[in-house]
Amino acid sequence: MSTQLFQTKCLSALDPQEEKQAFAQAARLIQAGEVVGFPTETVYGLGADATNPQAVAKIFAAKGRPQDNPLIVHICDIQMLEQVASSVPAEAYALFHAFWPGPLTVILPRGEAIPQEVSAGLDTVAVRFPAHEVAKKMICYAGVPVAAPSANRSGSPSPTTAAHVLADLNGRVPLVLDGGPAACGVESTVVTLCTNTPRLLRPGFVTVEELEAVLGKVEVDDGVLHQIGQNQVVASPGMKYQHYAPKAALTLLCGNHTPQQMQEIALQQGFDGLLVFEEDSPQCTMPHLTFGAKSAPQAQAASLFDALRALDDKGFQKVLCRMPAPQGVGLAVVNRLLRAAAFRVIQ
Ligand code: TXA
Ligand code: MG
């Protein structure tokens, strides 16, 4: 299979006829049970018709994804929400009005329209209404809810550009829509409304504080900042897998070390590269990459996955990385870094 790439970067500058063609082609493929790579504001997704179990199976095959890791269903209006969930509580409508379209996924009771393959046998479904114009248009053109995980090979960092998608999936999917670099850079916040108290399963751009302003108390699942044991029952199966990992072995450094102190530790312990905050860079003499400023968690999130991929492009083997503060969007950055580092931390 050869992968076709459609540039939809500047939607408004695109010839309306050409634009129509790109979306019509994506919609045809989805309706025919194929998979399509597409941009969202968080990361790129790999989409298929969420109501078609054979199409959904192709997502798992293309990614090499474990069968017990459920997918998020992407919608483009409130009718689709009511189609994919068997019931929609008042809290879900409140979240819809506060954050959708946007980088939030809500777990609800699964509706009959969604086969169990999507949810890996769970009786719940993860629902998200993305904000990216290309994503919204593609779902509307397809006319069906779109199941989509991040468009990377399972285990590698999520893709934030069409080039990342092609690096992982070229030849394994028929079409990728290019919508430019993803604005958020980390996957959506996942919150479940299927527990007594709403519970955060994965942190993202929508923060715990923002959720609590709408929902009242929100519990943070243990898996957000702690390693899940192999045999432990998990609320969100995706949390037990090693994720986002570059080939280089990453270790996180806690505390307020100066760049010089960090380098000393790195040299003593045989690290060959650093991943540091932007302001550290001028004082680092050993090879390094940066991932945003210390006080700018949104910028860290936006550049994180690209930086993790770049570590491998540079050929680093053993990398020491700054640990950001786990507040606000920083909680999402720390959550991804801990998994990328397989929870290796120097206190
Ligand atoms: O931003 C995003 O959410 C991106 C874009 C493409 O929308 N998608 C994404 O999908 O990150 P994925 O498959 O990489 O992550 C989905 C996460 C996994 O951790 C999975 O276990 C969890 O959501 N999940 C999906 N359905 C669930 C369910 N019914 N109950 C609990 N967790 C669920
Ligand atoms: Mg993923």
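As the structure lists them, so they are numbered: ligands from 1, and atoms in each ligand from 1.
Taking every non-hydrogen atom of I107 and a distance limit under 4.0 Å, the qualifying atoms of ligand 1 come out as 27 (C), 28 (C), 30 (N), 31 (C), 32 (N), 33 (C). Of all the atoms in ligand 1, the ones that sit under 4.0 Å from a non-hydrogen atom of T124 are 28 (C), 29 (N), 30 (N). Under a 4.0 Å criterion applied to the non-hydrogen atoms of S150, ligand 1 contributes the atoms 8 (N), 9 (C), 10 (O), 12 (P), 14 (O). Heavy-atom contacts of V43 reach the following atoms of ligand 1: 4 (C) (cutoff under 4.0 Å). Taking every heavy atom of P149 and a limit of under 4.0 angstrom, the matching atoms of ligand 1 come to 6 (C), 10 (O), 12 (P), 13 (O). The atoms of ligand 1 that sit less than 4.0 Å from any heavy atom of L122 are 28 (C), 29 (N), 30 (N).
Atom NZ of K247 sits in a sparse spot, with 12 or fewer heavy atoms from other residues, nucleotides or ligands closer than 6.0 Å.
Within the set I59, I72, V127, L104, the minimum heavy-atom distance to atom 23 (O) of ligand 1 is found for I72.
Under 3.5 Å, the side chains of N52 and K58 contain no donor-acceptor pair of N or O atoms. Side-chain atoms of T105 and R202 form no donor-acceptor pair, as typed in the model, at a separation below 3.5 Å. Under the 3.5 Å distance criterion, with hydrogens and angles disregarded, a donor-acceptor pair is assigned to the side chains of Q263 and T285. Residues Q25 and Q4 bring a donor and an acceptor atom of their side chains to less than 3.5 Å of each other. Judged purely by distance below 3.5 Å, without hydrogens or angles, the side chains of R172 and T3 never pair a donor atom with an acceptor atom.
Close to ligand 1: H74, with a non-hydrogen atom less than 4.0 angstrom away.
By the criterion of a heavy-atom distance under 4.0 Å, the side chain of R202, and not its backbone, is placed next to ligand 1. With a heavy-atom cut-off of 4.0 Å, N69 touches ligand 1 through its side chain alone.
In this structure, F277 has its ring center under 6.0 Å from that of F291.
For the pair Q227/L338, no side-chain contact is recorded, criterion being any heavy-atom separation below 4.5 Å from C-beta on. With contacts defined as side-chain heavy-atom distances shorter than 4.5 Å, the pair Q67/F60 qualifies.
Of the N or O atoms in Y44, none lie within a sub-3.5 Å distance of an N or O in ligand 1. By the 3.5 Å distance cut-off applied to N or O atoms, T40 is not counted among the residues near ligand 1. The shortest N/O to N/O separation between K63 and ligand 1 does not fall below 3.5 Å.
At least one N/O/S atom of S150, whether from backbone or side chain, sits less than 2.8 Å from the Mg ion (ligand 2).
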